[in-house]
Amino acid sequence: MSDRSKLIETGTPFQFDPERDAEFERLVTRYPTRESLILPGLWLIQEQEGWVCAEAMAYLADRIGTFASKIYEAATFYTMYNLHPMGEYHICVCRTLSCYLLGKQQIVDYLKEEIGIAPGEISSNGKFSLEEVECLGHCGTAPVVQLNGEFHEDMDVEKMKALLATCK
Ligand code: FES
């Protein structure tokens, strides 16, 4: 697994695009405190960029009016936040108990063979990235895979093959 304590700087200032900016302002009216916007704010950054860079964390801290260290703590704790650029198709395979017991390894082995990368890697053409993540919260329908944030449940190698075929 990649080192989640290392931040990547792009050298370019970050800001929300108009759509995310409007969504952030809408969320401000719905959440009880500005600090409770840390997780949804990080999610908006990831929706926009596919990952969360150091500049985006600093931007979110400014927008919320909190310390950048609080954004960093949340972003590095939750594995759902990508801390480095991902492939066009980002595949997350849950590795926690239910998924482990019900065959996540066969899915990971198939993906390693088929797309030629191990968890934590990006394919050389930038098309795929693969990650093993902690429980995705759908344990009753394990094994669970996310493709670009969409859930796919009761997975097996055959279903993974069919899902991969949709990645054009
Ligand atoms: S253990 Fe995989 S979704 Fe919970």
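Start at 1 and go down the list; that is how both ligands and their atoms are numbered. Heavy-atom basis, side chains included; hydrogens, waters and symmetry copies ignored.
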Spell out, as yes or no, whether a donor-acceptor pair under 3.5 Å connects the side chain of Gln46 to the backbone of Met80. yes
Residue pairs meeting side chain to side chain donor-acceptor pair (under 3.5 Å), one or both in residues 19-29, sequence neighbours left out, come to Asp17-Arg20, Arg20-Glu47, Asp21-Arg63, Glu23-Arg26, Glu25-Arg63
Under 3.5 Å donor-acceptor, Thr96 side chain and Cys135 backbone: yes
Counting C-beta onward and ignoring hydrogens, is there a side-chain heavy-atom pair between Gln146 and His152 closer than 4.5 Å? no
Distance below 2.8 Å from atom 4 (Fe) of ligand 1: how many protein N/O/S atoms qualify? 2
Could you pull out every donor-acceptor pair under 3.5 Å between side chains of residues 67-74 and any protein atom, sequence neighbours left out?
residue : atom : partner : partner atom : Å
Lys70   : NZ   : Glu35   : OE1          : 3.3
Lys70   : NZ   : Glu35   : OE2          : 3.4
Tyr72   : OH   : Ser5    : O            : 2.9

The criterion is side-chain hydrogen bond (donor to acceptor under 3.5 Å, both in side chains); which residues satisfy it with Glu153, sequence neighbours excluded? His138, Thr141
